[in-house]
2 protein chains.
Amino acid sequence: MRRTAEDERIEERRRGPIPAEVDLAIEALVNDIIGKVADKWTMLILEALEEHGVLRFTQLGRAVGGISQKMLTQTVRQMERDGLVRRTVHPVIPPRVDYELTPLGASLGAAVCGVWIWAETHHAEIEQARRAFAAGRTVAEGVS
Amino acid sequence: MRRTAEDERIEERRRGPIPAEVDLAIEALVNDIIGKVADKWTMLILEALEEHGVLRFTQLGRAVGGISQKMLTQTVRQMERDGLVRRTVHPVIPPRVDYELTPLGASLGAAVCGVWIWAETHHAEIEQARRAFAAGRTVAEGVS
DNA sequence: CCGTATCCTCCGAGATACTG
DNA sequence: CAGTATCTCGGAGGATACGG
């Protein structure tokens, strides 16, 4: 996802700071949150931590699978910033850092879980729709 | 979203269709679906159609807000392909095309709605977490 | 082991112009 | 009006190397 949420807010401000637009401000924030949540790695990390509870850095990376260190750090930092995960540093040698979901993160996990379940429930329908679409889309759609 | 982890699994599947990996194949598909759903424009279009019911191309564009024709076409096509929206072409002049959610799309809308509600419910906590994070993790200084 | 810093690639996505 | 085609560009994100 590209940086678009900020742009929207900036745009909004540019268009006119109408006093009664507090709701819109919140809407923008919510939009921003959606943008964050709608990130692939965020969702996968959420799932990994939901399933395994507490994980160390590399463990988390392996649990997610196919993620670069950069993205792992970056995403997990963002999640920490948003209060979704708690990061615990153990000042020992070798270094050890534990990651786990906060209650807030867990609640998000529950919400996202709904989407996940939807995907698992309806993936067959989607596959079917894709095949139907690929088969022939020149099929006349009746104008009711 | 860049093509990364799924590609590997898809590749894996292409290289060798091992029977016992059907679960992994489905998991990959579900992952793919999540990736699709986790798209900003998809979610916004979903919301727009959920709220307005049936919309024409430009109406949909305006309802979403800040989307280019290209992305609108592209995203809506993908959604049509996945069976989430139905596209109805009226062979009249001037051309007219209607978009609306399929039952499948509506069910996804319901699931995503849960995440939306979560965002609306917890945005204050996230803001607070962000402030706390920005303030510094050393000492919890009261934010007046 | 846990990151941060750097480079580099590549594709998402906007703008524009054109067709049916 | 509804799309397609083409160009361009920013920046997301992978790979790598190094610091603590």
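Per chain, numbering begins at 1; letters A, B, ... match sequence-line order.
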Let's see if you can work this out: which of C:dC2, C:dC1, D:dG3 has an atom nearest to the side-chain heavy atoms of A:Pro94? C:dC1

Backbone N/O of A:Leu72 and side chain of A:Thr75: donor-acceptor pair under 3.5 Å: no

Looking at C:dA13, D:dA2, C:dC1, which one has an atom nearest to any side-chain atom of B:Thr58? D:dA2

Separation of C:dT4 atom C1' from A:Glu80 atom CD, nearest Å, is 15 Å

Rounded to whole angstrom units, what separation is found between the CZ atom of A:Arg77 and the P atom of C:dA5? 11 Å

In whole angstroms, how far is the P atom of C:dG14 from the CG atom of B:Leu72? 11 Å

Between B:Gln78 (CD) and C:dC11 (P), how many Å, whole number? 17 Å

When you measure from the side chain of A:Thr102 to the backbone of A:Arg86, do you find a donor-acceptor pair of N or O atoms at a distance under 3.5 Å? no

Take the protein atom CG of A:Asp98 and the nucleotide atom P of C:dG3, then report the distance between them rounded to whole Å. 10 Å

Measure from the side chain of A:Lys70, starting at C-beta and using heavy atoms only, and say which of D:dT6, D:dG13, C:dC2 lies closest. D:dG13

Could you state the atom-to-atom distance from CG of A:Leu55 to C1' of C:dC1 in whole Å? 15 Å

Please answer whether the main-chain N or O of A:Ala48 pairs with a side-chain N or O of A:His52 as donor and acceptor at a distance below 3.5 Å. yes

Please say whether more than 12 non-hydrogen atoms of neighbouring residues, nucleotides or ligands are located less than 6.0 Å from CD in A:Gln128. no

Side-chain N or O of A:Arg87 versus OP1/OP2 of C:dC2: is the shortest distance under 4.0 Å? no

Hey, are A:Arg130 and B:Asp82 close enough for a salt bridge, meaning a charged N less than 4.0 Å from a carboxylate O? yes

Taking only N and O in the side chain of B:Arg56, is any of them less than 4.0 Å away from OP1 or OP2 of D:dC1? no

B:Gln69 CD to C:dT19 P, in whole Å, measures 16 Å

Using a cut-off of less than 4.0 Å, is there contact between a side-chain N or O of A:Thr73 and OP1 or OP2 of C:dC2? no

Between A:Gln74 and A:Pro95, which is nearer to the 5' end of DNA chain C once each is assigned its nearest nucleotide? A:Pro95

Send over the distance from B:Ile93 CD1 to D:dA2 C1', rounded to a whole Å. 13 Å

